[in-house]
J.: 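My structure is below; once you've seen it, I'll send some questions.
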Amino acid sequence: MGKALIIGCGGVAGVVIHKCCQNSDVFEEIMIASRTKSKCDAIKEKLDGTTPTKIRTAKVDADNLDELCALIDEYKPDIVMNIALPYQDLTIMDACLKCGVNYMDTANYEPEDTDDPEWRAIYEKRCKEEGFTAYFDYSWQWAYKEKFEKAGLTALLGSGFDPGVTQAYCAYAQKHLFDQIDTIDILDCNGGDHGYPFATNFNPEINLREVSAPGSYWENGHWVEIPAMSIKREYDFDQVGHKDMYLLHHEEIESLAKNIPGVQRIRFFMTFGQSYLTHMKCLENVGMLSTTPIEFEGHQIVPIQFLKALLPDPATLGPRTKGKTNIGCIFTGKKDGKDKTAYIYNVCDHEACYREVGSQAISYTTGVPAMIGAMMLMTGKWNKPGVFTVEEFDPDPYMEALNKWGLPWQINDNPVLVD
Ligand code: NDP
């Protein structure tokens, strides 16, 4: 079928690469290109000979437009899969436009340097106008809509699990289960245990920025912002059990509020253990989560980047992690004039993921939908020019692919609701 250029070679990319190699009919050839080429070569060496997919590797700095364009022009992929960091989203989108190729990613753009005065001016205006203070929002990538339309190219934003699969669940509920969706609660539960007192399951810098920020939710047409971790609920998750979960701001709330007509409330909850929260609070209190560079013995260091260097690499958690994840959406609304509820969710086992692709379930639940999103574009199942999030496409082929490629979902018609 075609060729994909995969940028990044961390925890999530490891799964994307394994899954593309399982799906050689679509991904006949892949190029793995990242900052550290030795990581790309190591995974190529592991997979060569086990798959018909032809694998090449390259070194690329995805912050550098010229380097990206040179690589794309030489390799001529059908799609560029951005599995690096959200910092690179805009540069990679620029490169795709310049070279005439489709784009996809798994996370909303945010800047690496949040003290950049140009970015900050726009950010502060947005905080006032929109009413939420997260460093990331869709405005930066939605601003590319017209350029992608004019170029006849597609950019698929946020095809991981959340964002990603959660929006496919919403589109599916809208299409098949409800006439009107009133409320959506997205519940992200990780019941896994890696045995470390403190580690993050994906890139620590991105993860800690997200969870230490104020929470927010969408209600009756506007954002409600709350202090970080100030709304807590307990929920009994299928195959995991009782967990404490906390309301966070999350990027898919922003696009779902636009794309699910008449929705009254959208909230996002994530589970955290007490040890994680205590460590995070302590690190925050001593300034280790700061993104502002400080002078240390003649060097400029960014505290959160230094912390990342100390923490376990999420890509190495696979062999240690036991337990399951349970991620899904609870809907309330109306069908045929009657009240209706539904809970669509997936349960994923950390150890089974490790046996299959050598990664824990957080990387797996992100990497599988990234492969599926790219497959939707490469096979022409999702094909319209512009910049879109997952819920803006027909959910059926994506939902079918989730069942086929390792993330089967189920529906509970009578779930316990979150108060
Ligand atoms: P990692 O830190 O493990 O991997 C990031 C990779 O990107 C590394 O290989 C890194 O290179 C590479 N990279 C970073 N900067 C550059 C650059 N300038 N040029 C080229 N390569 C670069 O992160 P994860 O795999 O944990 O996360 C990947 C993405 O997935 C993130 O955007 C994250 O936010 C997203 N994500 C999405 C989820 C979802 O459900 N939607 C859930 C979890 C994660 P090097 O190896 O040299 O460091």
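First listed ligand is number 1; within each ligand, the first listed atom is number 1. Not measured: the values here are computed from a predicted model. Sequence positions, counted from 1, serve as the residue numbers for this chain.
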J.: Give a yes or no on whether the backbone of Tyr109 and the side-chain of Gln141 come within a donor-acceptor separation of less than 3.5 Å.
T.: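 Flag set: sc Gln141 to bb Tyr109 pair under 3.5 Å.
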J.: Hey, is CD on Glu45 packed in by over 12 heavy atoms from elsewhere, all under 6.0 Å?
T.: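 At most 12 heavy atoms, drawn from other residues, nucleotides or ligands, come within 6.0 Å of this atom.
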J.: Give the contacting part of Ala107 toward ligand 1: side chain, backbone, both or neither, where contact means a heavy-atom distance below 4.0 Å.
T.: side chain
J.: To the nearest 0.1 Å, how far is atom 4 (O) of ligand 1 from its closest protein heavy atom, and which atom is that?
T.: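 Result: Gly10 CA, 3.3 Å.
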J.: Test your reading of the structure: does Gly11 have an N or O sitting under 3.5 Å from an N or O of ligand 1?
T.: yes
J.: Output yes when the distance from some N or O of ligand 1 to some N or O of Ala62 is under 3.5 Å, and no in every other case.
T.: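 So ligand 1 has an N or O lying under 3.5 Å from an N or O of Ala62.
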J.: If you measure from each non-hydrogen atom of Ile83 to ligand 1, which part falls under 4.0 Å: side chain, backbone, both or neither?
T.: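 Under 4.0 Å from ligand 1, Ile83 contributes backbone atoms alone.
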J.: Of the listed options (Thr365, Asp63, Ile362, Asn64), which comes nearest to atom 18 (N) of ligand 1 when hydrogens are ignored and any heavy atom counts?
T.: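 Heavy atom nearest to atom 18 (N) of ligand 1 belongs to Asp63.
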J.: If we only count N/O pairs under 3.5 Å, is Lys308 in contact with ligand 1?
T.: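 No, no N or O pair falls under 3.5 Å.
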J.: Is it the case that the side chain of Gln274 and the backbone of Leu277 share a donor-acceptor pair, with hydrogens and angles ignored and the cut-off at 3.5 Å?
T.: no
J.: For a side-chain hydrogen bond (donor to acceptor under 3.5 Å, both in side chains) with His350, tell me which candidate from Thr321, Asp193, Asn190 qualifies.
T.: Asn190
J.: Give me the residue, atom name and distance of the protein heavy atom closest to atom 9 (O) of ligand 1.
T.: Cys9 N, 2.9 Å
J.: For atom 24 (P) of ligand 1, what's the nearest protein heavy-atom neighbour? Residue, atom name and distance, please.
T.: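 The closest one turns out to be Val12 CG2, 3.8 Å.
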J.: Among all protein non-hydrogen atoms, which one is nearest to atom 11 (O) of ligand 1, and what is the separation to 0.1 Å?
T.: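 Result for atom 11 (O) of ligand 1: Ser34 OG, 3.5 Å.
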J.: Taking the non-hydrogen atoms of Pro86, is any one of them nearer than 4.0 angstrom to ligand 1?
T.: yes
J.: Distance under 4.0 Å to a non-hydrogen atom of Val60: what atoms of ligand 1 satisfy this?
T.: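 Those qualifying, in numeric order: 19 (N), 20 (C).
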J.: Which atoms of ligand 1 sit under 4.0 Å from any heavy atom of Ile206?
T.: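 Numbered from 1, ligand 1 contributes 34 (O).
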J.: Which atoms of ligand 1 are found less than 4.0 Å from any heavy atom of Phe161?
T.: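 Checking each atom against Phe161, I get 39 (C), 40 (O), 41 (N).
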J.: For Phe272 and Met280: C-alpha separation, side-chain torsions, deciding distance, then whether side-chain contact (heavy atoms from CB on, under 4.5 Å) applies.
T.: CA-CA 11 Å; Phe272 295 101; Met280 196 183 77; over 6 Å; no
J.: Is ligand 1 under 4.0 Å from a heavy atom in the side chain of Asn203, in the backbone, in both, or in neither?
T.: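 Contact part for Asn203 vs ligand 1: both backbone and side chain.
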J.: Evaluate Pro163 for polar contact with ligand 1, using N/O atom pairs at a separation under 3.5 Å.
T.: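 Between Pro163 and ligand 1, an N or O pair is found under 3.5 Å apart.
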J.: Among all protein non-hydrogen atoms, which one is nearest to atom 46 (O) of ligand 1, and what is the separation to 0.1 Å?
T.: Lys39 NZ, 2.6 Å
J.: Quick test: of every protein heavy atom, which one is nearest to atom 38 (C) of ligand 1, and how far off is it to 0.1 Å?
T.: Thr366 CG2, 3.3 Å
J.: Donor-acceptor check, side chain of Thr53 to backbone of Phe27, threshold 3.5 angstrom: yes or no?
T.: yes
J.: Are any of the N or O atoms of Ile7 closer than 3.5 Å to those of ligand 1?
T.: no
J.: Taking the inter-plane angle between the rings of Tyr169 and Phe161 on a 0 to 90° scale, is it parallel (under 30°), tilted (30 to 60°) or perpendicular (over 60°)?
T.: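 Perpendicular, since the angle between the ring planes exceeds 60°.
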J.: Name all residues meeting the salt bridge (charged side-chain N to carboxylate O under 4.0 Å, His left out) criterion together with Lys175; count only those two or more places apart in sequence or in a different chain, and write none if there are none.
T.: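 Partners of Lys175 by the salt bridge (charged side-chain N to carboxylate O under 4.0 Å, His left out) criterion, ordered by chain and then number, come out as Asp394, Asp396.
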J.: Assign the ring pair Phe136 / His249 to parallel, tilted or perpendicular, where the plane angle (0 to 90°) is split at 30° and 60°.
T.: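 Tilted: the ring planes of Phe136 and His249 meet at 30° to 60°.
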J.: Checking ring pair (Phe, Tyr, Trp, His ring centres under 6.0 Å) for the pair Tyr276/Phe198: CA distance, chi angles, key distance, verdict?
T.: CA-CA 6 Å; Tyr276 183 98; Phe198 186 70; 5.1 Å; yes
J.: Atom CD of residue position Glu146 - does it have more than 12 heavy atoms of other residues, nucleotides or ligands inside 6.0 Å?
T.: no
J.: Treating Glu130 as the side-chain partner and Phe132 as the backbone partner, does any N or O pair qualify as donor plus acceptor under 3.5 Å?
T.: no
J.: List the closest protein heavy-atom neighbour of atom 47 (O) of ligand 1: residue, atom name, distance to the nearest 0.1 Å.
T.: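 Here the nearest protein heavy atom works out to Thr36 OG1, 2.4 Å.
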J.: Check whether any N or O atom of Phe202, backbone or side chain, sits under 3.5 Å from an N or O atom of ligand 1, and answer yes or no.
T.: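 For ligand 1, there is no N or O atom that lies under 3.5 Å from one belonging to Phe202.
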J.: Parallel under 30°, tilted from 30 to 60°, perpendicular over 60°: which one fits the rings of Phe388 and Phe393?
T.: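 Phe388 vs Phe393 ring planes: perpendicular.
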J.: Identify the protein heavy atom lying closest to atom 21 (N) of ligand 1, giving its residue, its atom name and the separation to 0.1 Å.
T.: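 For this ligand atom, the closest protein heavy atom is Arg35 N, 3.3 Å.
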J.: May I ask you to decide if the ring planes of Tyr172 and His176 are parallel, tilted or perpendicular, using 30° and 60° as cut-offs?
T.: tilted
J.: Test your reading of the structure: does Ala13 have an N or O sitting under 3.5 Å from an N or O of ligand 1?
T.: no
